[in-house]
Undergrad: 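Sharing a structure here in structure tokens format.
Everything numeric in this text was worked out from a predicted model, so none of it was measured.
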Amino acid sequence: MAARVVRHGVILVLPLLLASFVTQAGGTTPQDFIKSSCRATRYPAVCVECLMSYAGVIGQSKRQLALAALSVSISRTRSCSSFVKKMAKEMKMKPRELGAVQDCIENMGDSIDRLSQSVREMGRVGEGVGEEFEWHMSNVQTWVSAALTDDNTCLDGFGGRAMNGNVKAAIRGRVLHVAQLTSNALALVNRFASTHSLQTSPILN
């Protein structure tokens with residue numbers, strides 16, 4: 001019985017030891033991979049903060065990293081949209097302010113739709129190569145770029161001095177954060193597309 005317990009213990013511990021050895025040999029953990037990848041974004045600190053909790057899922061996959069960034073952007077954009085809708089209902093606004101808020105809500109909705117399309121399209125990409133891969137990734141890049149444009153359009157609506165300072169600050173801060181996340185997601189999508197294309201180039205094979 002004791003021998004059996006020892007054998008079971010060895011079986012359980014061995015994968016952990018092997019994983020540790022591989023990590024030490026390669027010198028890279030999922031956390032290191034995320035930090036290194038986030039340096040390619042415009043907002044690396046925001047990138048690391050939002051993606052580090054997904055390290056177990058991301059591993060060292062550029063595709064999973066891009067998918068996680070897109071998923072975080074969708075989640076935060078939905079939260080931002082809900083906040084803006086709540087502000088529109090609860091605060092008394094001038095017609096111009098209300099118009100800007102309603103436009104922002106519409107932009108947020110468009111952004112969510114495009115980011116969701118991007119995630120679905122990334123699911124079709126897999127580890128494919130060639131023209132099909134390029135076509136799917138082109139769609140993803142186009143939609144994420146359009147989502148970022150939606151975020152920036154919303155921000156533009158709160159640029160005037162006529163806006164109520166409290167309303168402007170409350171909404172603008174959240175939309176700016178969402179725009180930073182979407183910008184980071186686009187950078188990571190572009191990184192995945194470019195490195196994957198290089199890896200599958202006939203010149204390098």
Side-chain angles (χ1 to χ4, degrees), residues 34 37-38 40-54 57-58 61-89 98-159 168 170-197:
I34 291 171
S37 300
C38 283
T41 68
R42 291 189 64 183
Y43 310 98
V46 173
C47 178
V48 171
E49 178 186 358
C50 294
L51 294 180
M52 196 58 73
S53 61
Y54 297 89
V57 175
I58 293 169
S61 166
K62 294 182 178 67
R63 178 174 177 271
Q64 291 299 329
L65 182 70
L67 276 169
L70 288 170
S71 297
V72 169
S73 186
I74 292 172
S75 177
R76 298 294 177 87
T77 304
R78 283 178 176 156
S79 178
C80 180
S81 178
S82 297
F83 175 81
V84 175
K85 288 177 182 177
K86 183 178 179 181
M87 291 283 288
K89 291 179 180 180
L98 185 59
V101 168
Q102 290 173 339
D103 287 344
C104 184
I105 292 171
E106 183 176 348
N107 288 325
M108 292 290 100
D110 290 342
S111 180
I112 292 168
D113 289 342
R114 285 161 176 160
L115 290 170
S116 299
Q117 284 179 305
S118 299
V119 170
R120 289 193 293 270
E121 196 75 354
M122 283 285 288
R124 299 184 183 104
V125 169
E127 297 299 333
V129 299
E131 292 183 1
E132 184 176 355
F133 172 84
E134 299 290 346
W135 184 75
H136 284 305
M137 287 309 303
S138 177
N139 289 337
V140 173
Q141 290 168 311
T142 297
W143 287 326
V144 181
S145 179
L148 181 57
T149 298
D150 290 326
D151 297 339
N152 289 328
T153 300
C154 175
L155 286 172
D156 291 342
F158 295 92
K168 179 178 177 180
I171 296 178
R172 185 177 174 81
R174 285 169 173 78
V175 177
L176 182 60
H177 179 64
V178 165
Q180 291 174 347
L181 291 174
T182 306
S183 172
N184 286 347
L186 180 58
L188 296 175
V189 164
N190 290 340
R191 187 169 182 266
F192 167 66
S194 62
T195 55
H196 196 88
S197 296

Undergrad: Side chain to side chain contact (heavy atoms under 4.5 Å, CB included), that's the test. Do Cys47 and Leu188 meet it? Break it down for me.
TA: CA-CA 10 Å; Cys47 178; Leu188 296 175; 4.1 Å; yes

Undergrad: Counting distance only, does the side-chain N/O of Ser138 pair as donor-acceptor with the main-chain N or O of Glu134 below 3.5 Å?
TA: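 Such a contact is absent between Ser138 side chain and Glu134 backbone.
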
Undergrad: In the structure I gave you, are the side-chain heavy atoms of Cys104 and Val175 within less than 4.5 Å of one another anywhere?
TA: yes

Undergrad: Do you know which two heavy atoms are closest between Leu155 and Leu176, and how far apart they sit?
TA: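 Taking every non-hydrogen atom into account, CD2-N, 3.8 Å.
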
Undergrad: Do the non-hydrogen side-chain atoms of Met87 and Val101 ever get within less than 4.5 Å of each other?
TA: no

Undergrad: Of all heavy-atom pairs between Ser81 and Ile112, which one has the smallest distance, and what is that distance?
TA: CB-CD1, 4.5 Å

Undergrad: What are the two closest heavy atoms between Ser183 and Leu148, and how far apart are they?
TA: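 Result for this residue pair: N-CD1, 4.0 Å.
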
Undergrad: My understanding is that only residues two or more places apart in sequence, or in another chain, count here; which of them pass side-chain contact (heavy atoms from CB on, under 4.5 Å) with Tyr54?
TA: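 With sequence neighbours excluded, Tyr54 shows a side-chain contact (heavy atoms from CB on, under 4.5 Å) to Ile58, Ala68, Val72, given in chain and number order.
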
Undergrad: If you measure from SG on Cys38 to CD on Glu49, what distance do you get to the nearest 0.5 Å?
TA: 11.0 Å

Undergrad: What residues, two or more places apart in sequence or in another chain, satisfy side-chain contact (heavy atoms from CB on, under 4.5 Å) together with Thr153?
TA: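 With sequence neighbours excluded, Thr153 shows a side-chain contact (heavy atoms from CB on, under 4.5 Å) to Asn107, Thr149, given in chain and number order.
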
Undergrad: Heavy atoms, side chains only, cut-off 4.5 Å: are Lys62 and Ser37 in contact?
TA: no

Undergrad: If every non-hydrogen atom of Asn184 is compared with every non-hydrogen atom of Tyr43, which pair is closest and at what distance?
TA: ND2-O, 3.0 Å

Undergrad: List the steps, then state whether side chain to side chain contact (heavy atoms under 4.5 Å, CB included) holds for Gln117 with Val140.
TA: CA-CA 8 Å; Gln117 284 179 305; Val140 173; over 6 Å; no

Undergrad: Which heavy atom of Leu181 sits nearest a heavy atom of Arg76, and at what distance?
TA: CD1-CG, 3.3 Å

Undergrad: So, do Ser116 and Asp113 sit near enough that their side-chain heavy atoms are less than 4.5 Å apart?
TA: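 No, their side chains stay 4.5 Å or more apart.
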
Undergrad: Do Asn190 and Leu186 have side chains that approach each other closer than 4.5 Å (heavy atoms only, starting at C-beta)?
TA: yes

Undergrad: Search all heavy atoms of Asn139 against all heavy atoms of Glu121 and return the closest pair with its distance.
TA: ND2-OE2, 2.9 Å

Undergrad: Could you check whether any side-chain N or O of Arg114 sits under 3.5 Å from a backbone N or O of Thr142, counting only pairs where one atom can act as donor and the other as acceptor?
TA: no

Undergrad: When rounded to the nearest 0.5 angstrom, what is the spacing between CH2 in Trp143 and CG in Leu70?
TA: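 Spacing of CH2 (Trp143) from CG (Leu70) equals 12.0 Å.
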
Undergrad: Measure the CG-OG1 distance between Asp110 and Thr77 for me, rounded to the nearest 0.5 Å.
TA: 11.5 Å

Undergrad: Which residue, Ser111, Ser73, Ser145, forms the side chain to side chain donor-acceptor pair (under 3.5 Å) with Thr182?
TA: Ser73

Undergrad: Drop me the distance from Arg124's CZ to Trp135's CH2, to the nearest 0.5 angstrom.
TA: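 So the CZ of Arg124 and the CH2 of Trp135 are separated by 8.0 Å.
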
Undergrad: Do Gln180 and Thr41 make a side-chain contact, defined as non-hydrogen atoms from C-beta onward lying under 4.5 Å apart?
TA: no

Undergrad: Measuring from Lys85:NZ to Cys80:SG, what's the distance to the nearest 0.5 Å?
TA: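 Atom-to-atom, Lys85:NZ and Cys80:SG are 11.0 Å apart.
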
Undergrad: Which value, rounded to the nearest 0.5 Å, describes the distance between Met122 atom CE and Gln64 atom CD?
TA: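 Here the interatomic distance stands at 8.0 Å.
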
